[in-house]
Trainee: 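Here it is, the structure in full.
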Amino acid sequence: MKEYLELRFPLGSDMMTTVRLATGGVCSRAGLDLDASEDCKVCVTESLLLLGHSGYRGARMRFSDDGGLRVEILGESRGSAAPSSEDEISYALLSALADVEFERADGALSSVKFTFGKK
Amino acid sequence: MDETELFARYRATGDRHLRDEIVAKYLYIASILAKKFVGRGVEYDDLYQVASLALVKGIDRFDETKGLRFSTFITPTITGEIKNYFRDRSRLVHLPRKVFELRGALKQSAEKFFAENGRLPSARELAAMLGVSEEDVVNAAEAGGVVSLDKPADGAEGPALYETIPAERDDFERFENRDAVLAACSTLSERERELVRLRFGKELSQTETAKRMNVSQMYVSRMERKVLDKLKDELKKSMAD
C-alpha cells in the first residue's frame with residue numbers, strides 16, 4: 001500500500017484550512033477529479049468535527065493508496081465530549097458521500113475511514 | 001409535538017400548515033448542507049434554494065414508521081440533489097474563470113494593501129478584503145500548474161493566456177528610470193555624452209570606444225569612471241528631491 005502522507009495535529013477550527021489544503025493536494029496527487037476532491041475535503045472536515053465533538057484534542061490522519069485514496073482519521077488524546085446537535089447531519093453526510101467506516105472505543109467515536117476514487 | 005407525531009399527523013391529514021411547520025423546523029438542515037458545498041463555483045443562495053426544494057420534496061417521501069430520524073433521512077436526499085445540481089451545471093460553470101477572476105482580484109487587493117500599509121497582506125487579510133475564505137485565497141494563489149499559453153485565459157473563448165500575462169519588468173518604473181538618467185546626462189559635456197552613448201548605448205568595449213573617439217583606452221577608462229561618478233551624484237540628488 002503506497003503511503004501518501006501522514007499528519008498529526010491538534011483539533012481546532014484554526015487547523016481546518018491547513019488540513020483541507022493538504023487534503024486537496026493529496027487528492028490531486030492521487031488523481032481524483034475536482035468533484036471527488038471536494039467531497040473528500042468535506043468528509044475530512046466532517047470527520048474532524050465529529051472527533052472533536054467526541055472529546056479528542058488531536059487527530060492523526062493517514063492518506064494512502066489502496067486502489068483509491070484511502071483516508072484514515074484517528075482521534076488522539078481524549079478529553080470531555082461536547083456533542084453537537086449537528087453531529088447526526090455530519091454522520092449522514094459522510095455516509096452519503098463515501099463508503100465510510102466508523103469505529104468506536106469506550107462508547108465514543110474513535111476513528112473514521114473512507115476511500116475515494118476506488119477503481 | 002415530537003417529530004414522529006408531527007409527520008404522522010401530516011401524513012394522515014395532508015394539512016399544508018403542518019407541512020409548512022415541518023419545513024420551517026428543518027430548514028436549518030438545508031442551510032447547513034448548502035454551506036458544506038460552497039466553494040465549487042456555485043453561490044450559496046443557489047445551493048440553499050436547491051437544498052430547500054429537496055427538503056420540501058423529501059418531507060412527502062419520509063416514512064416516520066421506519067424508525068429513522070428525519071435529519072438522517074433528509075441529509076443524503078439533499079446531498080444527492082446538490083450533487084445532481086453540480087452535475088447539471090458543470091457545463092455552465094467555469095471554475096477556471098472563477099479562479100482566474102479571484103487571482104486578478106488578489107493581485108489588485110495585494111497592491112492596494114501594499115500601498116496603504118507598506119507591506120504585503122497575508123492570506124487571511126486578503127480573504128477578509130475580498131469576502132472569500134482563506135482557503136479560496138490560497139487555492140487561487142496556488143492555481144496554475146502546466147498549462148498551454150495558447151489556451152483561452154478564462155477557459156472559454158477569451159484572449160489567450162500569454163496575452164494576459166504581465167511583463168516581468170515594470171514599464172512604468174523603466175520609464176521613470178530612463179527619465180532620471182536622461183536628466184542626469186544633461187549635466188554632462190558633449191564628449192562625456194558621446195562616451196555614454198558608445199559604452200552604454202551601443203555597448204562597445206573600452207578599446208572600441210577609444211578608437212571611435214580617437215583617444216587611448218586608458219583615457220576612456222578614466223573618463224568613464226568620472227562620468228559614472230557624476231551620474232551617480234546627479235541621480236542621488238534627484239532621488240533626494
Side-chain angles (χ1 to χ4, degrees), chain A residues 5 7 9 12-50 52-53 61 71 83-100 102 109 112 114 116-117, chain B residues 3 25-26 28-42 47 51 54-55 58 68-90 93-96 98-99 122-124 127 132-145:
Chain A
L5 184 71
L7 299 169
F9 51 92
S13 56
D14 53 341
M15 284 301 292
M16 286 295 184
T17 299
T18 307
V19 173
R20 281 174 61 89
L21 282 166
T23 303
V26 175
C27 288
S28 167
R29 196 139 180 254
L32 296 191
D33 64 30
L34 202 63
D35 202 32
S37 297
E38 289 300 324
D39 286 350
C40 186
K41 280 155 78 176
V42 170
C43 286
V44 165
T45 308
E46 296 309 308
S47 303
L48 295 177
L49 285 173
L50 285 173
H53 295 161
M61 191 153 79
V71 185
S84 159
S85 58
E86 292 178 16
D87 284 354
E88 208 174 303
I89 297 171
S90 293
Y91 278 112
L93 182 58
L94 275 160
S95 303
L97 292 177
D99 198 3
V100 64
F102 299 104
L109 179 72
V112 185
F114 48 87
F116 272 91
Chain B
E3 183 177 296
K25 187 173 175 175
Y26 294 103
Y28 76 97
I29 299 178
S31 169
I32 289 171
L33 291 173
K35 280 180 196 152
K36 309 270 186 204
F37 290 90
V38 164
R40 301 191 191 192
V42 179
L47 292 173
L55 174 77
L68 204 62
R69 285 181 62 92
F70 182 65
S71 57
T72 307
F73 164 81
I74 201 67
T75 298
T77 304
I78 294 176
T79 303
E81 284 290 322
I82 290 175
K83 287 182 73 62
N84 283 342
Y85 183 72
F86 278 124
R87 266 191 287 275
D88 294 344
R89 293 256 314 183
S90 62
V93 177
H94 299 293
L95 199 60
K98 189 188 173 237
V99 174
S122 65
R124 188 169 297 173
V132 297
S133 72
E134 206 177 323
E135 194 177 337
D136 281 344
V137 169
V138 181
N139 273 337
E142 287 296 318

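A, B, ... follow the sequence lines: proteins, then strands. Residue 1 opens every chain.
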Trainee: If I measure from the heavy atoms of chain A, does Y28(B) come under 4.5 Å with its side chain, its backbone, both, or neither?
Mentor: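 Looking at Y28(B), just its side chain touches chain A.
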Trainee: Heavy-atom distance under 4.5 Å to chain A: side chain of I78(B), backbone, both or neither?
Mentor: neither
Trainee: Given 3.5 Å as the limit, does a donor-acceptor pair link the side chain of E46(A) with the main chain of L93(A), or not?
Mentor: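 Absent.
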Trainee: Which atoms of T79(B) are under 4.5 Å from chain A, going by heavy atoms: the side chain, the backbone, both sets, or neither?
Mentor: side chain
Trainee: If you count the non-hydrogen atoms of other residues, nucleotides and ligands that lie under 6.0 Å from CG in D99(A), is the total more than 12?
Mentor: no
Trainee: Determine yes or no for a side-chain-to-main-chain donor-acceptor pair under 3.5 angstrom, with T75(B) supplying the side chain and S71(B) the backbone.
Mentor: yes
Trainee: Looking only at heavy atoms and a cut-off of under 4.5 Å, which of V42(A), I89(A), T45(A) has the most pairs with chain B?
Mentor: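 Ranked by heavy-atom pairs under 4.5 Å with chain B, first place is I89(A).
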Trainee: Parallel, tilted or perpendicular: which one describes the rings of F37(B) and F86(B), with boundaries at 30° and 60°?
Mentor: tilted
